[in-house]
Amino acid sequence: MTDVTGFSARGDVRPPDVAGGEKETLLAFLRYLREAVIAKAAGLTDEVGLAPGVPSGTSLLGLVRHLTLVERNWFGHAYAGQGELLDDDAPPGPGETGESLIAAYQEAIRASDAVVADCDDLDRPGVRSLRATPPPTMRWILVHMIEETARHAGHADILREQTDGATGR
């Protein structure tokens, strides 16, 4: 079943089977997790997707917005030196919809993947850091984004199940 975002409902999807090098393997797992988050957010009404699912106020579409801005901050701002630092803790704003938030995430993913594609050495540090440390390497950023996206994919699993009972990766 395909919804308005163009994504199909999916059941339990296994992790990728990758026979590439380190960069290809890291990207395959990051893509797998990104797709899981998008699949969890797809097909919900804006009212349901933007509604807080826990007392802290976290919503499924709020997670999508957070991951969008984290992608832009780490790959674009920190590694490539592009754009301003974005507030990745800000909730979705007025007028933002599930469709617009997912589209923004997909665009951030394309931009991040372009930065990774331009990197020919995973040990090369970026332009700046988002922490009080020297700029991290592309390897560190990829591993961090796998960790960040995986953690929030788990949150998305729980939030989605609370909305309509949907389970699976």
Side-chain angles (χ1 to χ4, degrees), residues 7 13-42 49-50 52-94 96 98 100-160 169:
F7 287 90
V13 178
R14 298 284 178 224
D17 183 19
V18 183
E22 181 182 15
K23 184 176 178 180
E24 294 77 19
T25 301
L26 292 170
L27 274 174
F29 274 86
L30 182 55
R31 286 185 188 122
Y32 164 73
L33 293 165
R34 289 164 167 167
E35 290 167 7
V37 170
I38 292 170
K40 290 297 176 177
L50 291 166
V54 292
S56 67
T58 302
S59 71
L60 214 153
L61 290 171
L63 289 175
V64 172
R65 184 177 196 282
H66 171 72
L67 287 170
T68 299
L69 301 177
V70 169
E71 290 261 353
R72 293 208 178 275
N73 282 339
W74 277 111
F75 289 108
H77 180 71
Y79 192 83
Q82 305 165 345
E84 298 298 317
L85 181 62
L86 304 169
D87 180 2
D88 57 36
D89 286 329
E96 288 188 295
S100 71
L101 289 163
I102 291 170
Y105 187 38
Q106 292 169 318
E107 178 53 38
I109 288 167
R110 283 189 288 277
S112 296
D113 285 352
V115 171
V116 176
D118 287 344
C119 177
D120 59 1
D121 180 0
L122 295 179
D123 288 326
R124 184 180 320 125
V127 172
R128 59 178 73 102
S129 182
L130 301 182
R131 306 172 310 145
T133 62
T137 65
M138 178 58 76
R139 177 181 291 103
W140 187 95
I141 292 173
L142 284 166
V143 171
H144 171 62
M145 288 305 302
I146 290 167
E147 174 271 327
E148 177 88 6
T149 309
R151 187 163 38 93
H152 293 311
H155 298 146
D157 284 341
I158 293 165
L159 292 170
R160 181 61 188 249
R169 284 183 266 196

For residues [X] and [Y], determine if any side-chain heavy atom of one lies less than 4.5 Å from a side-chain heavy atom of the other.
{"X": "D113", "Y": "R31", "value": "yes"}
{"X": "L30", "Y": "I109", "value": "no"}
{"X": "E71", "Y": "R110", "value": "no"}
{"X": "N73", "Y": "L85", "value": "yes"}
{"X": "D87", "Y": "L69", "value": "no"}

Taking every non-hydrogen atom, the tightest pair across [X] and [Y]:
{"X": "V127", "Y": "P135", "result": "O-CG, 3.7 Å"}
{"X": "P136", "Y": "I141", "result": "CG-CG1, 3.9 Å"}
{"X": "V64", "Y": "A41", "result": "CG2-CB, 3.7 Å"}
{"X": "A104", "Y": "R72", "result": "O-NH2, 4.2 Å"}

**Prompt:** Between M145 and V116, does a side chain to side chain contact (heavy atoms under 4.5 Å, CB included) hold up when you go through it step by step?
**Reply:** CA-CA 12 Å; M145 288 305 302; V116 176; over 6 Å; no
Value rounded to 0.5 Å, distance of [atom1] in [X] from [atom2] in [Y]:
{"X": "L61", "Y": "Y105", "atom1": "CG", "atom2": "OH", "answer": "12.5 Å"}
{"X": "T25", "Y": "E22", "atom1": "OG1", "atom2": "CD", "answer": "8.0 Å"}
{"X": "M138", "Y": "R124", "atom1": "CE", "atom2": "CZ", "answer": "8.5 Å"}
{"X": "L86", "Y": "L130", "atom1": "CG", "atom2": "CG", "answer": "10.0 Å"}
{"X": "K40", "Y": "D157", "atom1": "NZ", "atom2": "CG", "answer": "4.5 Å"}
{"X": "L26", "Y": "I146", "atom1": "CG", "atom2": "CD1", "answer": "4.5 Å"}

With a 3.5 Å distance limit and no angle check, can you tell me whether [X] reaches the backbone of [Y] through a side-chain donor-acceptor pair?
{"X": "R34", "Y": "T149", "answer": "no"}
{"X": "E24", "Y": "G21", "answer": "yes"}
{"X": "R65", "Y": "A90", "answer": "yes"}

**Prompt:** Without hydrogens or angle criteria, can the side chains of R139 and T137 be said to hold a donor-acceptor pair below 3.5 Å?
**Reply:**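 Absent: no donor and acceptor within the cut-off.
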**Residue among W74, Y79, F75 satisfying ring pair (Phe, Tyr, Trp, His ring centres under 6.0 Å) with H144** =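 Looking at W74, Y79, F75, the match for H144 under the ring pair (Phe, Tyr, Trp, His ring centres under 6.0 Å) is W74.
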**Message:** Under the rule for side chain to side chain contact (heavy atoms under 4.5 Å, CB included), what residues qualify as partners of H66, not counting sequence neighbours?
**Reply:** V70, D88, D89, E148, H152
**Lys/Arg N to Asp/Glu carboxylate O, R151 vs E147, below 4.0 Å** =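 Here R151 pairs with E147 in a salt bridge, since their nearest N and O are under 4.0 Å apart.
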